[in-house]
Structures are given as C-alpha cells and as structure tokens.
Amino acid sequence: MAGKLKKCMMLCCQMKSSKEEMGKDSYEAAIEGLKKLLREKGDLQGVAATKIKQITTELEAAGSKACSSDDRLKNGFYHFKKEKYEKNPALYGELAKGQSPKYMVFACSDSRVCPSHILDFQPGEAFVVRNIANMVPPYDQTKYSGIGAAIEYAVLHLKVENIVVIGHSCCGGIKGLMSIPDDGTTASDFIEEWVKICLPAKAKIKAECSSLSFEEQCNNLEKEAVNVSLANLLTYPFVRNAVVKENLALKGGHYDFVHGSFELWNLDLGLSPSLSL
C-alpha cells in the first residue's frame, strides 16, 4: 500500500512540476492518465482524487491566464497595425530609413506614466530610457555603463536637442529612497542601491522640509531628485560639451497624474523660469 501510494504521489508531483511535458500534452490527457491508474489501483482512489482536482484547477487557471495575456498582446498589435501603421504609410516609411528624435527622455518604469502617452510623442520623436524613479546616475563607465551608453548614443549619434528628466506623483522609488534608514542599511537586492543615486536630494529635502509630513516630503523629493539627475547629466563630458555649445538643453519635468498637471523647467542656470500646465 505504501509503495503504491508513493508511486501515485510521485506521478502527481512530476506532472505538476514538469511544465514542458504539460506543454506537449493537454491537461485532459494528464487527468485521464491518473483516472486510468485509479481504476487499476482502486485502493488509491481516495488519496489521489483531491490531487486530480487540484491539478485540474491549476492547469485550467494557467491556461486561461496564458490565453488572456496572449490575446491582449495580439489584439493590441492588431489595433496598432490597423489604426496607426496602415493609416500612416509615409511616417512609417520614413522611420524604416532611420530615426532622428529631437528629445531624449528619462522616465519612470511606473506603468501609469508612459511619456509617449502623456506627452503625445509620435514614433520617432523621443529616444526613451525608463527605470526606477527616472534617475540618471553620474558618469561611471563600469557601474552605470547601460545608462551611459544610452546617453552617449542619444547625444553623439542621434544628436538630440533636448534631454528631459520627468518625475511623477506617487512615485514608489522616491518613497523607497525617503524610507532608507539614516545608517544606509537596505532590505532589497537592487532597488535601494539604485535610488541612492539621489541621496543628495533626500538630504536637501530633510534639511529644508523637516516640518512637513512624510508624504509632503516625498512630493518635494520627486522634483528635487529630478534636479540631481540633471546635475548628474553634466558629469558626462559629451553632454557638458553639447550644453556649453548650446546644442543641447537639459530640462526637468514633473507629471502629477492625481491632478492631471505637468510642470516643466530648465536646468537651474538662471536662464528661464519654469512653466506649469
């Protein structure tokens, strides 16, 4: 009895854990296999019946989820192709030859703040980098080579005319930065080390806004972190040279999706006032 039960449970576990085998055979075939075993080993029926129900439920749920997510992507592309690609042959014909965007945009990875959506960029208008809390690290060929490569390509090869760093309301990365203990200890593998890029902004907000609530401090930090990122951009020699030659402008922005507003300002060189919309 014990040997039969072990054999049945091993079969159930193998069927559950082997995703490749489940991909080849439908879950109906897998369940039928178990039912056949039960008919041959009647004394195991009570033990395995629950396992059959569990596996059936899990596989049906997984299959439904996969189908739903796949359909969303396929339908999304179908809509894009019919409503945009096929209706704008001139635009996409030009894009097939190359790109010459006027903007490089740093935006947060937050799903609510897609810059192409909120600023109505058309394909080919903006070279976009998205990361946690829309931060730009200082020049470092080893530690931040991915960001450096994007900036170098945008400035030297695409010759963008503007780099815009856009913060946003209710930013989880900024709240994470504000929540890092003063001793610098972290509880995550990557997130806190990344947002420490803007520790100077946090120090300024804590010094100047100590009387404000945590939420209000975070609101202020969302904008001050943008200023730190703008300053970090000037640590890249090719960025600094382009700014000095007036071939490149650095701008900060903040999108408030709670109130539906957008604020834009230039790097604080005393050149122009901020603009609020």
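Not measured: the values here are computed from a predicted model.
Counting only residues at least two apart or in different chains, ring pair (Phe, Tyr, Trp, His ring centres under 6.0 Å) contacts with residues 111-133 comprise Tyr103-Phe121, Phe127-Tyr153. Residue pairs meeting the side-chain hydrogen bond (donor to acceptor under 3.5 Å, both in side chains) criterion with at least one member in residues 176-190, sequence neighbours excluded: Asp182-Lys206, Asp183-Thr185, Ser188-Glu192. Counting only residues at least two apart or on different chains, no side-chain hydrogen bond (donor to acceptor under 3.5 Å, both in side chains) pair has a member in residues 235-247. Counting only residues at least two apart or in different chains, salt bridge (charged side-chain N to carboxylate O under 4.0 Å, His left out) contacts with residues 157-173 comprise Lys102-Glu161.
To the nearest 0.5 Å, atoms SG (Cys218) and CD1 (Ile174) are separated by 8.0 Å. Distance check: Leu221 CG to Cys209 SG gives 9.5 Å after rounding to the nearest 0.5 Å. Rounded to the nearest 0.5 angstrom, Leu250 CG and Asn232 CG are separated by 11.5 Å. Remark: Lys223 NZ to Ser169 OG distance equals 10.0 Å, nearest 0.5 Å. The distance from atom CG of Asn220 to atom CD of Glu208, rounded to the nearest 0.5 Å, is 9.0 Å. Remark: Cys171 SG to Asn134 CG distance equals 6.0 Å, nearest 0.5 Å.
Looking at heavy atoms from C-beta onward, Ile166 lies out of side-chain contact with Val226 at the 4.5 angstrom threshold. Inter-residue side-chain proximity for Glu152 and Phe238 is flagged as met; some heavy-atom pair is nearer than 4.5 Å. Counting heavy atoms from C-beta on, the side chains of Phe106 and Val164 never come closer than 4.5 Å. Cys198 has its side chain within reach of Ser229: a pair of non-hydrogen atoms, C-beta onward, lies under 4.5 Å apart. Side-chain contact between Val105 and Leu119: absent, with no pair of heavy atoms (C-beta onward) separated by less than 4.5 Å. Val195 has its side chain out of reach of Phe190: every pair of non-hydrogen atoms, C-beta onward, lies at least 4.5 Å apart. For the pair Leu234 and Leu267, the minimum side-chain heavy-atom distance is below 4.5 Å. Two residues are said to be in side-chain contact when any heavy atoms from C-beta on lie closer than 4.5 Å; Lys251 and Asn162 meet this criterion.
Asn131 contributes a side-chain N or O that, together with a main-chain N or O of Met135, makes up a donor-acceptor pair within less than 3.5 Å. Not a single donor-acceptor pair under 3.5 Å links the side chain of Glu263 to the backbone N or O of Gly253. Looking only at distances, no side-chain donor or acceptor of Arg130 sits under 3.5 Å from a matching main-chain atom of Pro115. A distance-only check finds a donor-acceptor pair linking the side chain of Trp194 to the backbone of Ile132 [under 3.5 Å].
Applying the 6.0 Å contact sphere to CG of Leu158 captures more than 12 heavy atoms from other residues, nucleotides or ligands. For Lys196, the NZ atom is densely surrounded, since the number of other residues' heavy atoms within 6.0 Å is greater than 12.
When the salt bridge (Lys or Arg N to Asp or Glu O under 4.0 Å) test is applied to Glu94, the partners found at least two apart in sequence or on another chain are Lys97. Considering only residues two or more places apart in sequence or on other chains, Gln122 meets the side chain to side chain contact (heavy atoms under 4.5 Å, CB included) condition with Asp120, Glu125. Glu215 meets the salt bridge (Lys or Arg N to Asp or Glu O under 4.0 Å) test with no other residue; sequence neighbours excluded. In this structure Lys202 satisfies the salt bridge (Lys or Arg N to Asp or Glu O under 4.0 Å) test with no other residue, sequence neighbours excluded. The salt bridge (Lys or Arg N to Asp or Glu O under 4.0 Å) test applied to Lys82 returns Glu86, not counting sequence neighbours.
Taking both residues in full, the closest heavy atoms of Ala150 and Val129 are given as CB-CG2, 3.8 Å, listed atom of the first, atom of the second, then distance. Closest non-hydrogen pair, Cys170 versus Arg112, comes out as O-NH2, 3.4 Å. A pairwise comparison of heavy atoms in Ile197 and Pro137 identifies CD1-CB, 3.6 Å as the closest pair.
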| request: Check the pair Phe262, Asp256 against side-chain contact (heavy atoms from CB on, under 4.5 Å), reporting the backbone distance first and the verdict last. | output: CA-CA 6 Å; Phe262 183 79; Asp256 184 342; over 6 Å; no
| request: Evaluate the criterion side-chain contact (heavy atoms from CB on, under 4.5 Å) for residue pair Val136 and Ile151; output intermediate values, then yes/no. | output: CA-CA 10 Å; Val136 180; Ile151 298 172; 4.0 Å; yes
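Val244 and Leu230 sit in two unconnected hydrophobic clusters of ILVMFWY residues. Membership requires side-chain heavy atoms under 4.5 Å apart, directly or through other members. Tyr144 is connected to Leu156 through a chain of hydrophobic side-chain contacts under 4.5 Å among Ile, Leu, Val, Met, Phe, Trp and Tyr, so both are in one cluster. Placement of Ile180 and Leu212 in two distinct hydrophobic clusters is found when ILVMFWY residues are connected by side-chain heavy-atom separations under 4.5 Å, directly or transitively.
Counted by atom type alone, His168 and Glu222 present zero donor-acceptor pairs between their side chains at under 3.5 Å.
Within the hydrophobic cluster formed by Ile, Leu, Val, Met, Phe, Trp and Tyr side chains joined at under 4.5 Å, directly or through other members, Tyr92 is accompanied by Phe77, Phe80, Tyr85, Leu91, Leu95. When hydrophobic side chains of Ile, Leu, Val, Met, Phe, Trp and Tyr are connected at separations under 4.5 Å, Leu73 ends up as a singleton with no cluster partners. In the hydrophobic clustering (ILVMFWY side chains linked at under 4.5 Å, chained through shared members), Val228 stands by itself.
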